[in-house]
Amino acid sequence: MLEIKFVIQNLLIVQKALSDRGKTADLEVLSQCDARRKTVLLELEDLRCKRNTVSDQIAIMKKAEDNASSLHLEQLVAEMRDVSLRVKSLEKSFAEVEEKLQGIILEIPNIPHITVPVGKDSADNPVYKTSGIPRVFDFAPLPHWTIGEQLRILDFERATRITGARFPLYFGAGARLERSLINFMLDMHTTLHGYTEVLPPFIVNRKSMTHTGQLPKFEAELFKLEGWDYFLIPTAEVPVTNIHSDEILDETILPICYTAHTPCFRSEAGSYGKDTRGLIRQHQFNKVELVKFTTPESSYDELEILLKNAEAVLKALQIPYRVITLCTGDMGFSSAKTFDIEVWMPAQGVYREISSCSNFEDFQARRANIRFKRRGRKGTELVHTLNGSGLAVGRTVAAILENCQQADGSVVIPEALRPYMGGVTSITL
RNA sequence: GGAGGGAUGGCUGAGUGGUUUAAAGCGGCGGUCUUGAAAACCGCUGAGUGUAAAAGCUCCGUAGGUUCGAAUCCUACUCCCUCCGCCA
């Protein structure tokens, strides 16, 4: 959420940010509401002040029990009865205009950072860096779903029987590969990169979803629990960022770095027909997430570090990837700047997103009321929040299957992962 | 599911209708003393909004209600704790 005061004072900046994103918002109505809010509040505070002072007077008079002033007292009480009614009616008007204001401001996306390239969609995302050289195959590489089914470690058909389309079902070495990757990633981030491991709830309330920006605008993307105002998490970002909502943190404990493995649930509304095969686009998938809370002045340095921490996983697995900077039109609602890591998928011959690392600046912190206090300074400031996938686990399995496949149909396990696989060096039938 | 207790500032915790603008302690900041530190002592110290700075206003789990006036009384809800039952 942007600060209303900032939006009112910088209408042109916000207008440009919106159009760069290819979005619109009713800023006209917003400034009207803000003006009305001010008028109502002014009158309301005036009346409340009067009520407070006269009520104190009444208290003093009652204590004095001065009979001579009892008539005057009755008059005052009668007058205050009227004032009180007007206060109530103004409070109602205030609440109404405030609600309208909140409704608008909650649906305005974050302002892209100055370094974010302006562009319309994913075609305009510039490459930030490339790592590793795609392997040259002396046979036609198979897509991961074919490899997985041939090795009998993935079974999409039976998964459909259990639930429906777009749910995963792993067997044997496949299930173990997924589990190994989760442990491998968590171990790397906790021991090498200084993150604290967290195991959060997989179901959150409406407030938490609003804090991180999934709501109120994107409810269609979420799975909601019937009979509850609870949702399945689409990413660990939601529960982990909300760990510190409504808190005032001490400057000295920043940055706070958390890593968490959770399953993620997405309805993938509007994605019918996209990536219908394989592990790329599922309603349920595992992800290891990285979340940071930082001071405003360090958040962009921390974003670079976060990105490197995520990259380190693919580097260790020796799988080629590239990093792109998302342009204004392709960036998520809450983000000020996002890097996507895209892993090489040889069967399709394309790079596919496997991680998304973002700095939200104070956008989520303002919604979630996450502040920090500097030593020896009055007042509080909003923290900056960041997060990134480190990495999407299902997609990593897909990348390993495709990049490490052999002519005989087997898949060689990357060396770094072998200790987690009980020393297994390759998956064969 | 049944019974009872509770929710107050960064933390602990007093406060059952009005000159209390929420006591006190801890923590934090500053000072005195000291070569330095600790201890002791003194002072300052909730969050927002608003202002040039003030004043003012809001906030005692949330939402309503009663009242001239509510942390305090009433109603509903949420969450937490204890005990019983069930249970991985």
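Every chain is numbered from 1 and lettered A, B, ... according to where its sequence line falls, protein lines coming before strand lines. Source: prediction; values computed, not measured.
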Measure from [atom1] on [X] to [atom2] on [N] and round the result to the nearest Å.
{"X": "A:Glu91", "N": "B:C59", "atom1": "CD", "atom2": "C1'", "value": "13 Å"}
{"X": "A:Phe94", "N": "B:C59", "atom1": "CZ", "atom2": "P", "value": "12 Å"}
{"X": "A:Leu249", "N": "B:G28", "atom1": "CG", "atom2": "P", "value": "18 Å"}
{"X": "A:Glu43", "N": "B:G50", "atom1": "CD", "atom2": "P", "value": "19 Å"}
{"X": "A:Leu44", "N": "B:C59", "atom1": "CG", "atom2": "P", "value": "10 Å"}
{"X": "A:Leu47", "N": "B:G56", "atom1": "CG", "atom2": "C1'", "value": "13 Å"}
{"X": "A:Asp246", "N": "B:U62", "atom1": "CG", "atom2": "C1'", "value": "13 Å"}
{"X": "A:Arg37", "N": "B:U58", "atom1": "CZ", "atom2": "P", "value": "14 Å"}

Exercise. Going 5' to 3' through nucleotides 74-81 of chain B, assign each nucleotide B (protein heavy atom under 4.0 Å from a base atom), S (under 4.0 Å only from sugar-phosphate atoms) or - (no protein heavy atom that close).
Key: -----S--
Quiz prompt | Protein-to-nucleotide contact annotation, 5' to 3' order, nucleotides 63-72 of chain B [B base; S sugar-phosphate only; - none; under 4.0 Å, heavy atom] | solution = ---SBBS---
Can you give the donor-acceptor pairs under 3.5 Å from side chains of residues 416-429 of chain A to other protein atoms, not counting sequence neighbours?
from, atom 1, to, atom 2, distance (Å)
A:Arg418, NE, A:Ile413, O, 2.8
A:Arg418, NH2, A:Ile413, O, 3.0
A:Tyr420, OH, A:Asp187, OD2, 2.7

Practice problem: Kindly determine whether A:Asp56 and A:Thr53 satisfy side-chain hydrogen bond (donor to acceptor under 3.5 Å, both in side chains), including the steps that lead there. | Solution: CA-CA 5 Å; A:Asp56 284 351; A:Thr53 37; over 6 Å; no
Practice problem: Using Watson-Crick or G-U wobble pairs with both distances under 3.5 Å, give me RNA chain B in dot-bracket, 5' to 3', with [ ] for crossers and | for pairs to another strand. | Solution: ((((((((.[[[..)..(.....]]]((((((.......))))))((((......)))).[[[[[..)....]]]]])))))))....
Quiz prompt | Full working for ring-ring contact (aromatic ring centres under 6.0 Å, His included) between A:Phe202 and A:Phe265 | solution = CA-CA 9 Å; A:Phe202 304 156; A:Phe265 303 90; 7.5 Å; no
Practice problem: Quick one: do A:Arg36 and A:Glu96 satisfy salt bridge (Lys or Arg N to Asp or Glu O under 4.0 Å)? Show the steps, please. | Solution: CA-CA 11 Å; A:Arg36 170 149 171 76; A:Glu96 276 166 15; 5.9 Å; no
Quiz item: Residues in salt bridge (Lys or Arg N to Asp or Glu O under 4.0 Å) with A:Arg281, at least two apart?
Solution: A:Glu268, A:Asp275
Polar atom pairs (N or O), protein with nucleotides 43-47 of chain B, under 3.5 Å:
from, atom 1, to, atom 2, distance (Å)
B:A47, O3', A:Arg371, NH1, 2.9
B:A47, O2', A:Arg371, NH1, 2.9

Quiz item: Expressed in whole Å, how much space separates the C1' atoms belonging to B:C80 and B:U8?
Solution: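 That atom pair is separated by 15 Å.
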Quiz item: In whole Å, what separates the P atom of B:U51 from that of B:U67?
Solution: 35 Å
Practice problem: Describe the nucleic acid contact of A:Asn52 in one word from base, sugar-phosphate, nothing, applying a heavy-atom distance below 4.0 Å. | Solution: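 The residue A:Asn52 makes sugar-phosphate contact but no base contact.
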Quiz item: Which value, rounded to the nearest 0.5 Å, describes the distance between A:Ile153 atom CD1 and A:Glu178 atom CD?
Solution: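 Between atom CD1 of A:Ile153 and atom CD of A:Glu178 there are 10.5 Å.
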Self-check item: Closest non-hydrogen atom pair, A:Ser245 against A:Ile370
Solution: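 Shortest heavy-atom contact: CA-CG1, 3.7 Å.
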Practice problem: Locate the shortest heavy-atom distance separating A:Leu306 from A:Tyr195; write the atom from each residue and the value. | Solution: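 Taking A:Leu306 first and A:Tyr195 second, the nearest heavy atoms are CD1-OH, 3.3 Å.
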Quiz item: If only atom types and distance count, is the side chain of A:Thr259 paired as donor or acceptor with the main-chain N or O of A:Glu289 below 3.5 Å?
Solution: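 Pair found, side chain donor or acceptor close to backbone of A:Glu289.
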